[in-house]
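Positions are given from 1, in the same order as the sequence printed here.
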Amino acid sequence: MSLFNLKITALPKVGPKTAELYERLGAPTVGDLIRMYPRTYEDLSAPVKIADAPSGESVCIRAHVVGNNPPARVRGGMTIYKLVVSDDESQMQITFFNQAYMYDKLKCGGEFLFYGAFKRNINSFEMVSPAVLSPESDEIIHPIYKQTGTLTSRKIEAAMRAALKMLPPSINDPIPKAIRDKFGLCDLEFAIRNIHFPSDVKALETAKMRLTFEELLVLQLGMTFRKSTAKSETSHRIKQDFSEEFYRLLAFSPTDAQRRAVSECIGDMMSPAPMTRLVQGDVGSGKTAVGAACCYTAVRNGLQCAFMAPTELLATQHYNTLCEMFGGCGISVALLTGSLTASKKRAVYEALSCGEIDIAVGTHALFSQRVEFKRLGLVITDEQHRFGVAQRAELLGKGESPHLLVMSATPIPRTLALMIFGDLDLSVLDELPPGRQKISTYLIDSAIRPRALNFLKKHIDNGYQCYIVCPLVEENDMNMASVEEYAERLRTTVLGNCRIGVLHGRMKSAQKNAVMNDFNGGRIDVLVTTTVIEVGVDVPNAVIMMIENAERFGLSQLHQLRGRVGRGSVKSHCILVSDAQNEATLERLKIMCNTNDGFKLADEDLRIRGPGDFFGSRQHGLPELKIAGMSSMVSINDAREAAEMIIADDPMLSKKDYRPLAFEVKRLFSNVGGTLN
Ligand code: ADP
Ligand code: MG
C-alpha cells in the first residue's frame with residue numbers, strides 16, 4: 001500500500017487533534033509527511049569561537065562547562081538553570097528555563113555543542129535555551145521543521161523517524177535510473193533519509209540536489225502537459241491582420257520588438273488553436289501598445305476583448321490610454337471595476353452581453369459570475385503577478401477558448417521563464433522606445449542620508465515628487481522602522497515642511513487609492529511606502545526613488561521599484577541606501593548602479609541568489625514548491641533537458657517506468673486546480 005494512502009494517525013502519538021495540525025502543514029498522510037522537508041537545519045558541523053560569533057544569529061559553539069548552580073525555582077513555578085561554559089578563550093553564559101534535567105546532563109567539565117541564538121552584551125556573551133548535543137553525536141546536522149500550534153519541530157522530528165521506518169524496502173523512484181545516472185543523482189531512498197537526517201554535509205547536499213532536480217522536473221512536465229492539453233480548437237480564429245492599420249493610430253512608430261511581438265500574437269490568433277502567449281518586456285518597453293494592437297485586430301475581426309489589470313489604478317490608466325487611441329475609430333471601450341456603482345455596473349453588464357462594447361477594461365471584476373460577453377475572443381492580463389496557472393487554465397476552460405495574452409514586466413531569465421510559464425508561448429520585447437533617459441543610480445550608506453535628503457528637497461522645491469521605499473517590517477526586527485515611524489522621523493529632517501504621505505499593504509483599498517490619488521494629483525511631495533507601489537504605478541512627475549535597506553531586496557525587485565521613476569522627460573535618480581558590509585551584497589547593489597537592463601539584472605539575480613526568489617514569491621501562481629527555493633545550485637537546464645528526454649520517449653508518461661513520475665506530477669498540481677488529468 002502506498003504511504004500516501006496511510007493516514008497520519010497511523011503514526012505513534014498522533015491522534016485526531018494532532019492530525020489536524022499535520023493537515024494544516026500539508027501532511028494528511030504519512031507519504032505527505034515524508035515529503036515535507038525541513039525548513040532549515042541546525043548545523044552543528046562547524047562550531048565557531050565564542051568571540052567570533054555574530055550577535056543575533058543562530059550559531060553552534062563547542063565548549064565545556066566551567067561553572068553551574070543547581071536549578072532555582074522562581075516566581076510562577078518556573079525553574080531557571082544557569083551555567084557558564086568556556087571554549088578556552090572566552091566564556092559564555094547559558095540559561096535554561098524549565099529544563100531542570102539539563103543540570104544532570106551538563107556536568108562540570110563535560111564538553112558539548114550548544115546551538116542557539118547568540119547574544120553579545122556589553123561585557124558578556126549569552127545563549128538562552130540552546131539545543132545541546134554531544135560532540136560525538138551522529139546528528140550533527142539537525143532538521144528544523146515548519147511548526148504550527150502545539151506541533152513543534154521536535155514532535156515532527158519524532159513522527160518523521162517513525163514514518164521513515166515504514167518506508168518499504170524498495171521505494172518507487174520517480175526519476176528513472178537512466179536519468180539518475182546521466183545527471184549524477186542519488187536515488188530517492190538516500191535522498192529522503194538524508195534530507196531529514198543527513199549523515200553529513202555532503203550527503204545533505206546530494207539529497208537536496210536530487211530533490212530539487214526532481215521538483216523542477218515534475219514542474220516542467222506538468223507545465224508541458226498543460227500546454228498540450230490547453231491546445232484545443234478555438235472558435236475565435238481570426239482571418240485578417242489589421243496591425244498596420246492600428247499603427248497609424250499611434251502617435252509614435254512601433255519599435256521592431258513591438259512589431260515582432262504583435263505579429264507573433266496575430267499569427268497565433270490566425271491558427272486553429274487559441275493563443276496562449278506571454279509577452280515579457282522590461283518596464284517601459286511598450287507592452288500596452290502590443291496589447292492594444294491585438295485588441296484592435298480582434299475587434300476588427302468581430303470579437304470582444306477583456307483587458308485585465310491587477311489594480312483599479314492600473315485598469316483606469318489602461319482605460320484612458322485605450323479610449324485615447326480608439327476614440328476616433330468607432331471602437332467602444334468600457335471600464336469595469338469593483339467600485340463602480342451598482343447601476344453603472346449593470347449598464348456595462350448589459351452592453352457587454354448584447355455586444356455593444358468591444359473592449360472591457362477592468363480588474364478581477366471582469367470575471368465575476370455576473371459578467372457575460374456576447375463573443376469574448378481575446379483576454380489580456382497585464383502584470384501577470386496575480387494571474388496564476390489555475391486562473392489561466394480556468395479561463396481557457398471557459399466557453400469557447402478565447403485567446404489569451406499575458407503581459408509581464410518582471411524580466412525573468414529565459415531558462416526560468418520556460419519553466420514558470422511553460423504552458424505559454426513566449427515573446428520578448430528586448431528593446432526600449434528611442435530617446436529614453438537613463439535613470440542614474442547611486443549606492444550610499446546611511447551616514448550620507450542627510451545629503452541625499454537635501455537632494456530630494458532640492459527637487460521638491462522645484463515642484464517634483466519623490467518616493468522613499470522601506471522594506472516590510474518583519475516581527476522582532478528591531479533595527480528597522482515601519483513606514484509610519486519612518487515618516488514620523490522624516491518630519492525632523494530637512495523634509496520636515498514637505499507634504500509626506502504613507503502607503504502600505506495593511507491599509508484599506510479605499511485609503512490606498514486616496515493616497516495614490518493625492519500623490520498623482522501632486523498633493524503629496526514624498527511618498528513613504530512599502531513595495532505595494534511596485535507594480536505599474538505611473539506618476540511622471542516623481543523623479544527620485546530612494547530605497548532604504550536596499551540589501552533586503554532582490555535585483556529584480558529593485559529594478560521594478562526603480563521603474564516607478566524615469567517616466568517623464570526629466571532626468572530621474574534612484575538612491576540605494578545600505579549599510580551592508582557583505583561583499584556579495586555590495587556587488588549585487590553595484591550591478592544596479594551599472595545597468596538599467598531588466599533582463600541583465602534578472603540573469604545576475606539568478607546567478608547570485610539562485611532560483612528560489614523566482615519560484616518562491618508565489619507571484620506566478622505556481623504550485624507550491626517545497627525545495628527548489630532552498631538550493632542555489634539547481635541545475636535548471638539539466639531538469640529541462642531531462643523533461644525533454646522523457647517527453648520524447650513517452651509523451652503521456654504511460655510506460656510503467658514513468659508511473660511514479662506521473663504520480664508526482666499529479667500530486668504537485670493537485671491543489672492548483674485547472675485541467676490536468
Ligand atoms: P510597459 O511596457 O511598462 O507597460 P507602456 O506600455 O506603459 O510600458 O509604455 C510606456 C510609455 O512608452 C507610454 O507612455 C507609451 O505611450 C510609450 N511608448 C510605447 N511604445 C512606444 C514607441 N514605440 N515609441 C515611443 N513611445 C512609446
Ligand atoms: Mg504596463
Side-chain angles (χ1 to χ4, degrees), residues 233-251 262 265-266 268-270 274-275 277 287-382 387 391 394-407:
E233 295 240 323
T234 175
S235 50
H236 302 300
R237 186 170 178 180
I238 64 168
K239 303 218 163 51
Q240 217 182 325
D241 178 350
F242 287 88
S243 53
E244 289 303 329
E245 204 174 293
F246 169 79
Y247 294 143
R248 272 178 250 134
L249 299 175
L250 293 177
V262 169
C265 292
I266 290 177
D268 288 353
M269 289 194 283
M270 291 173 117
M275 163 165 75
R277 183 169 289 276
K287 291 180 290 294
T288 318
V290 172
C294 294
C295 285
Y296 186 83
T297 298
V299 171
R300 285 287 181 249
N301 277 279
L303 302 176
Q304 275 177 309
C305 309
F307 200 133
M308 191 165 92
T311 63
E312 296 209 354
L313 210 81
L314 281 180
T316 312
Q317 220 167 268
H318 285 327
Y319 171 73
N320 292 334
T321 307
L322 293 185
C323 284
E324 217 168 280
M325 276 179 190
F326 298 144
C329 57
I331 291 179
S332 71
V333 187
L335 179 66
L336 186 62
T337 63
S339 61
L340 288 190
T341 62
S343 69
K344 279 203 178 136
K345 268 187 215 160
R346 222 170 308 123
V348 176
Y349 292 157
E350 221 156 274
L352 274 174
S353 69
C354 71
E356 246 168 57
I357 292 173
D358 299 308
I359 305 173
V361 185
T363 53
H364 269 83
L366 278 180
F367 291 101
S368 85
Q369 302 255 302
R370 304 276 306 278
V371 182
E372 271 175 42
F373 290 81
K374 183 154 187 243
R375 43 172 201 289
L376 177 62
L378 169 64
V379 175
I380 299 182
T381 76
D382 190 15
F387 200 68
Q391 286 97 323
E394 191 181 313
L395 185 70
L396 290 176
K398 240 186 192 162
E400 300 165 335
S401 301
H403 300 292
L404 174 63
L405 179 60
V406 177
M407 304 201 293

**Asked** Quick one: does His236's side chain have a donor or acceptor within less than 3.5 Å of a partner on Pro274's backbone?
**Response** no

**Heavy-atom closest pair, residues Met407 and Lys287** = SD-O, 3.3 Å

**Pair listing, salt bridge (charged side-chain N to carboxylate O under 4.0 Å, His left out) test, anchored in residues 327-346, at least two apart** = none

**Fill in**
Looking only at heavy atoms, the pair that brings Ala365 and Gly338 closest together is CB-N, 4.0 Å

**salt bridge (charged side-chain N to carboxylate O under 4.0 Å, His left out) partners of residues 288-299, not counting sequence neighbours, each pair once** = none

**Request:** Run the numbers on Val262 and Tyr247 for side chain to side chain contact (heavy atoms under 4.5 Å, CB included), then give the verdict.
**Result:** CA-CA 11 Å; Val262 169; Tyr247 294 143; 3.4 Å; yes

**Asked** Can you find a heavy atom in the side chain of Met270 that is under 4.5 Å from one in the side chain of Ile266?
**Response** yes

**Item:** side chain to side chain donor-acceptor pair (under 3.5 Å) partners for Ser339, two or more places apart
**Value:** Glu312

**Closest non-hydrogen atom pair between Ile380 and Gly291, with its separation** = CD1-O, 3.4 Å

For residues 292-310, dump all side-chain donor-acceptor pairs below 3.5 Å to protein atoms at least two apart in sequence or in another chain.
from: Tyr296; atom 1: OH; to: Glu245; atom 2: OE2; distance (Å): 2.6
from: Tyr296; atom 1: OH; to: Arg300; atom 2: NE; distance (Å): 3.2
from: Tyr296; atom 1: OH; to: Arg300; atom 2: NH2; distance (Å): 3.4
from: Thr297; atom 1: OG1; to: Ala293; atom 2: O; distance (Å): 3.1
from: Arg300; atom 1: NH2; to: Cys329; atom 2: O; distance (Å): 3.2
from: Asn301; atom 1: OD1; to: Lys239; atom 2: N; distance (Å): 3.1
from: Asn301; atom 1: OD1; to: Gln240; atom 2: N; distance (Å): 3.1
from: Asn301; atom 1: ND2; to: Gln240; atom 2: O; distance (Å): 2.8
from: Asn301; atom 1: ND2; to: Thr297; atom 2: O; distance (Å): 2.8
from: Gln304; atom 1: OE1; to: Lys374; atom 2: N; distance (Å): 2.8
from: Gln304; atom 1: OE1; to: Arg375; atom 2: N; distance (Å): 2.9
from: Gln304; atom 1: NE2; to: Leu352; atom 2: O; distance (Å): 3.0
from: Gln304; atom 1: NE2; to: Ile357; atom 2: O; distance (Å): 2.8

**Request:** To the nearest 0.5 Å, tell me how far Arg237 CZ sits from Met269 CE.
**Result:** 13.0 Å

**Request:** Sequence neighbours left out, what passes side-chain contact (heavy atoms from CB on, under 4.5 Å) with Arg277? Give chain and number order.
**Result:** Glu264, Cys265, Asp268, Met275, Leu405, Asp425, Ser427

**Fill in**
Rounding to 0.5 Å, atoms CD1 (Ile238) and NE2 (His403) come to a distance of 6.5 Å

**Complete:** The reported gap from OH in Tyr319 to OG1 in Thr337 (rounded to nearest 0.5 angstrom) is 11.0 Å

**Request:** Using atom types as modelled and distance alone, determine if a side-chain donor or acceptor of Thr288 lies under 3.5 Å from a backbone N or O of His318.
**Result:** no

**Prompt:** Tell me the ring pair (Phe, Tyr, Trp, His ring centres under 6.0 Å) pairs involving residues 341-362, sequence neighbours left out?
**Reply:** none

**Asked** Just by distance, do the side chain of Thr381 and the backbone of Val406 share a donor-acceptor pair under 3.5 Å?
**Response** no

**Fill in**
Shortest non-hydrogen pair, Cys323 vs Val333, comes out as SG-CB, 4.2 Å

**Message:** For a quick test of reading the model, state the closest non-hydrogen atom pair linking Leu336 to Val371 and the distance between them.
**Reply:** CD2-CG2, 4.0 Å

